[in-house]
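What follows is a set of notes on a single structure, which appears directly below.
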There are 2 protein chains.
Amino acid sequence: MFGMEPEVLERFTWYMREQSALTVMFHARVAEQMGLSATDEKCLDLAMRADGPLTAGRIADLSGLSTGAVTGVIDRLERAGYVRRVRDPHDRRKVLVEVTPGDLDKLGAPFEKARDSLVEVLGHFDDDELQVIERYLKLQTETFRRRVIDT
Amino acid sequence: MFGMEPEVLERFTWYMREQSALTVMFHARVAEQMGLSATDEKCLDLAMRADGPLTAGRIADLSGLSTGAVTGVIDRLERAGYVRRVRDPHDRRKVLVEVTPGDLDKLGAPFEKARDSLVEVLGHFDDDELQVIERYLKLQTETFRRRVIDT
DNA sequence: ATCAAATGTCTTAGCGGCTAAGATGTTTGG
DNA sequence: CCAAACATCTTAGCCGCTAAGACATTTGAT
């Protein structure tokens, strides 16, 4: 670790930064293909990655948008058929945002391709190497999450 | 490769997606801390990662913004002291956007922390493992770039 | 039970950034 | 030398965002 040449760190930093920029671009492309704005796609992604349906307010918190903006986001997503509003029967003030299951396919298209890319990449590694990589990804993701939260 | 259990792919997909969402969030935080919009920070990032100074038009191409929007972006970045306009002496129609070196420090703060995180993560791996990880990052970045370009 | 305060979402006004189109200034080629 | 191409800037109009407050529902204190 202390013996790590600075160039290694340089290269890793470069990869991270490149990935970072590519990711932002990728999301923009995905959104475009889905006929959504980047904001709308981001919120849909949040709703899809959550365990259960999110409330409008939770989406506002997670996305950093105002509640008013989220109303507009859900309006557009609902009109486009990606989600639907369901009033929470236990607390009728809340609006649950359910992702329409059928339309997960449309939306899956770009992610299918991303998955194919991943398979192609992983094909270049044997089981032991995959374990190392997964350990790295796990650690990196956790560390990055902490970093993002208190940045 | 054919023997790869589906769960591995699932987990890797999940990591990618999580990284992806975290990255978008991270950029938003960085921008906020720098007093910039996400758009402005994205363009500044482009300018910083380029070899030499970019022209306004090139920034428009790379960012996907209109030339008019880029004029506004550069105005704001210049007013904030992050870049300055320099007319290209060889073609005075062009405007070169030079990143102000002194202010790389301000801007470096969040990236410094990200770098620290990276060092911490890499510390958990020995040299052989780092080589595997770097091979993965290299391949993944290249593949992802191709994917983003023709998505 | 009742009602004030808290909570969750929606509505509205105003602002700012984006696009598209065209203006301005510069270069290129015939 | 001038017309066409090129690079950037300007402007008008649109759309999404924020902030503030309206509305509906729930909670908690009395």
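In what follows, every chain begins at residue 1, and chains take the letters A, B, ... in the order their sequences are listed. This one's a predicted model, so the numbers in the text were calculated from it and none came from an experiment.
Electrostatic pairing of A:Glu78 and A:Arg84 does not count as a salt bridge here, judged by no charged N lying under 4.0 Å from a carboxylate O. Under 4.0 Å is where a charged nitrogen must lie from a carboxylate oxygen, and between A:Asp88 and A:Arg93 no such pair does.
Residue contacts shown for B:Ser37 are absent, as no nucleic acid heavy atom lies under 4.0 Å away.
The B:Arg76 side chain lies nearest to C:dG17 when the options are C:dG17, D:dC17, C:dT19.
Both A:Arg92 and A:Gly72 lie close to DNA chain D; mapped to their nearest nucleotides by heavy-atom distance, the more 5′-ward contact belongs to A:Gly72.
When each of B:His27, B:Gln19, B:Arg49 is checked for a side chain to side chain donor-acceptor pair (under 3.5 Å) with A:Ser20, only B:His27 meets the rule.
A:Leu62 places its CG atom 14 Å from the P atom of C:dG8, with the value rounded to the nearest Å. Distance, A:Glu78 CD to C:dT9 P: 14 Å, rounded to whole Å. A straight line from CZ of B:Arg79 to C1' of C:dG17 spans 12 Å, rounded to a whole angstrom. For the pair A:Glu32 CD and C:dC18 C1', the interatomic distance rounds to 15 Å; values are reported in whole Å. Here the C1' atom of nucleotide D:dG16 and the NZ atom of A:Lys42 are 14 Å apart, to the nearest Å. Taking atom CG of B:Asp88 as the reference point, atom P of C:dT28 lies 11 Å away to the nearest angstrom.
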Anything under 3.5 Å between a protein N or O and an N or O of nucleotides 7-9 of chain D, put it in a table, one pair a line.
{"unit_1": "D:dT8", "atom_1": "OP1", "unit_2": "B:Ala56", "atom_2": "N", "d": "3.1"}
{"unit_1": "D:dT8", "atom_1": "OP1", "unit_2": "B:Gly57", "atom_2": "N", "d": "3.4"}
{"unit_1": "D:dT8", "atom_1": "OP1", "unit_2": "B:Val95", "atom_2": "N", "d": "3.3"}
{"unit_1": "D:dT8", "atom_1": "OP2", "unit_2": "B:Gly57", "atom_2": "N", "d": "2.6"}
{"unit_1": "D:dC9", "atom_1": "OP1", "unit_2": "B:Arg85", "atom_2": "NE", "d": "2.9"}
{"unit_1": "D:dC9", "atom_1": "OP2", "unit_2": "B:Thr71", "atom_2": "OG1", "d": "3.2"}
{"unit_1": "D:dC9", "atom_1": "N4", "unit_2": "B:Thr67", "atom_2": "OG1", "d": "3.0"}

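In this structure, B:Glu41 and B:Arg29 have side chains that are not in contact, with every pair of non-hydrogen atoms separated by 4.5 Å or more.
The side-chain contact (heavy atoms from CB on, under 4.5 Å) test applied to A:Asp75 returns A:Thr71, A:Arg79, A:Arg85, not counting sequence neighbours. Every residue meeting the side-chain contact (heavy atoms from CB on, under 4.5 Å) condition with B:Ser66, not counting sequence neighbours, appears here in chain and number order: B:Ala69.
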